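Just so we're clear, the structure is a prediction, and the values are computed from it rather than from any experiment. All ligand and atom numbering here is 1-based and tracks the order in the structure.
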Amino acid sequence: MSKLRIIVAGAGGRMGAANLRAVATHPDLELVGALDRPGSSALGKDAGTLAGAEPLGVTISDALLPAVMKGAHAIIDFSAPAASVALAQTAANLGLVHIIGTTGCSEADDAAIAEAGRNGARIVKSGNFSPGMVALAVLVEKAAAALADYDVEILEMHHNLKVDAPSGTALLLGEAAARGRDISLKDNSVRSRDGHTGARQAGTIGFATLRGGNVIGDHSVILAGPSERIELTHRAQDRTIYANGATRAALWAANQPAGLYSMADVLGLND
Ligand SMILES: NC(=O)C1=CN([C@@H]2O[C@H](COP(=O)(O)OP(=O)(O)OC[C@H]3O[C@@H](n4cnc5c(N)ncnc54)[C@H](OP(=O)(O)O)[C@@H]3O)[C@@H](O)[C@H]2O)C=CC1
Ligand SMILES: O=C(O)C1=N[C@H](C(=O)O)C[C@H](O)C1
């Protein structure tokens, strides 16, 4: 089998480094491009050196076309919402696989990404690419359904450089709880509390956000009922889990028709 040729977007970032290492060490993948934003201090550097590994002979660039010309099949993209929307449109035009880990997308961004999936891109988008988190979401959906009158609260903590809140994973877990209750998350979520809030409204799904230090990603879903509390928790210890999930998704999506997929699809949970 010939190797799947990959472009890593957001290459100069924390996840960029993890993705570059995951691609470089995977026997079925070949790195053909590494992108960062115009003006980034990463431009012109060797992708491997920047990721703390051996030089890879691929220079970080802000131009997609030269990498596409090397026969790229897939983009692994953990960057920023505007960049991910633009890349999804390019992936649609070229029929590429596009793995999107970027969080903090607006409704309009998500609609544009879904449109790209309808127009030829093979997209896997997830707020969390760890298989453990996909399993946790299954448990949350079941627990929220079984304990239909318990209060659901979602707590997340991340490093002090994270720019979006609640995290993409917290929202993914909120969607799982809402599915379990057959309600819309958008219409039933409480994203923050401050001041005289009044008593908790039954049936809502609450979110709380903590930021500090270098926490990679902690998430807890708490189901609070009369005289008991169930806490379902995931703690990430290394960004490798996300990068390995992303490479797995790229290899899976290469054999799928155009569309917008989730990590649950990749793991066969929706078959
Ligand atoms: N789904 C998942 O499993 C995970 C998702 N994430 C998400 O991935 C994203 C990146 O996280 P992280 O690596 O920690 O963040 P970083 O800020 O470290 O990295 C983001 C990178 O993207 C670059 N970038 C910004 N705009 C563009 C652009 N237009 N084109 C190309 N590159 C661009 C940034 O450049 P510069 O710094 O110069 O602005 C930076 O190098 C976040 O949304 C985060 O929430 C993170 C971990 C796991
Ligand atoms: O920004 C991060 O770091 C992370 N972002 C994702 C999110 O928003 O949930 C995934 C992970 O928690 C790390």
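- Within the structure, ligand 1 has Gly127 among the residues with a heavy atom less than 4.0 angstrom away.
- Protein heavy atom nearest atom 25 (C) of ligand 1, with residue, atom name and distance: Ala80 CB, 3.9 Å.
- Considering Arg181, Arg229, Arg200 as possible partners of Asp151, the one that fulfils the salt bridge (Lys or Arg N to Asp or Glu O under 4.0 Å) test is Arg200.
- Among protein heavy atoms, the minimum distance from atom 15 (O) of ligand 1 is reached at Arg14 NH2, 3.4 Å.
- Scored by the side chain to side chain contact (heavy atoms under 4.5 Å, CB included) test, Pro131 finds Leu267 as partners (sequence neighbours excluded).
- In this structure, the separation between CD1 on Ile154 and CZ on Arg191 is 10.5 Å, given to the nearest 0.5 Å.
- Side-chain N or O atoms of Ser220 include none that pairs as donor or acceptor with a backbone N or O of Thr233 at under 3.5 Å.
- Scanning the protein for heavy atoms near atom 19 (O) of ligand 1, the closest one is Gly13 CA, 3.3 Å.
- The shortest contact between atom 23 (C) of ligand 1 and any protein heavy atom is with Asp36 OD1, 3.3 Å.
- When only non-hydrogen protein atoms are considered, atom 4 (C) of ligand 1 lies nearest to Phe78 CE2, 3.4 Å.
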Val152 vs Ile222, side chain to side chain contact (heavy atoms under 4.5 Å, CB included): CA-CA, chis, key distance, verdict: CA-CA 6 Å; Val152 178; Ile222 301 161; over 6 Å; no

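- Of the options Arg37, His159, Met15, the smallest heavy-atom separation from atom 36 (P) of ligand 1 is shown by Arg37.
- A donor-acceptor contact under 3.5 angstrom links the side chains of Asp164 and Thr103, judged on distance only.
- In terms of protein heavy atoms, atom 44 (C) of ligand 1 is closest to Thr103 OG1, 3.6 Å.
- For atom 28 (C) of ligand 1, the nearest non-hydrogen atom from the set Ala83, Gly245, Cys105, Ala165 belongs to Ala83.
- Residues with a heavy atom under 4.0 Å from ligand 2: Thr103, Gly127, His158, His159, Lys162, Ser167, Gly168, Thr169, Ile216, His219, Tyr242.
- The proximity of Tyr242 to ligand 1, defined as any non-hydrogen pair under 4.0 Å, is limited to the side chain.
- Polar contact with ligand 1: present for Ser126 (N/O pair, distance under 3.5 Å).
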Contacts table for residues 49-68: side-chain donor-acceptor under 3.5 angstrom, sequence neighbours left out:
{"unit_1": "Thr49", "atom_1": "OG1", "unit_2": "Asp46", "atom_2": "OD1", "d": "3.4"}
{"unit_1": "Ser61", "atom_1": "OG", "unit_2": "Ala63", "atom_2": "N", "d": "2.9"}

Test log, rule side-chain hydrogen bond (donor to acceptor under 3.5 Å, both in side chains), inputs Asn128 and Ser126: CA-CA 5 Å; Asn128 198 306; Ser126 178; over 6 Å; no

Show me the donor-acceptor pairs within less than 3.5 Å that the side chains of residues 29-41 make with the rest of the protein, sequence neighbours left out.
{"unit_1": "Asp36", "atom_1": "OD2", "unit_2": "Gly12", "atom_2": "N", "d": "2.7"}
{"unit_1": "Ser40", "atom_1": "OG", "unit_2": "Ala42", "atom_2": "N", "d": "3.0"}

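- The ring of Phe78 has its center closer than 6.0 angstrom to the ring center of Phe129.
- Ligand 1 has a nitrogen or oxygen under 3.5 angstrom from a nitrogen or oxygen of Gly101.
- Less than 4.0 angstrom separates some heavy atom of Gly10 from each of these atoms of ligand 1: 21 (C), 22 (O), 23 (C), 32 (N).
- Electrostatic pairing of Asp218 and Arg235 counts as a salt bridge here, judged by a charged N lying under 4.0 Å from a carboxylate O.
- Around CG of Asp238, the count of heavy atoms belonging to other residues, nucleotides or ligands within 6.0 Å exceeds 12.
- For Glu141 (side chain) and Arg179 (main-chain N/O), no donor-acceptor pair under 3.5 Å exists by modelled atom type.
- Near Lys162, meaning under 4.0 Å from any of its heavy atoms, are these atoms of ligand 1: 45 (O).
- Closest protein heavy atom to atom 9 (C) of ligand 1: Ser79 O, 3.7 Å.
- For ligand 1, the polar-atom distance check against Phe129 finds a nitrogen or oxygen pair separated by under 3.5 Å.
- Rounded to the nearest 0.5 angstrom, Arg21 CZ and His26 NE2 are separated by 15.5 Å.
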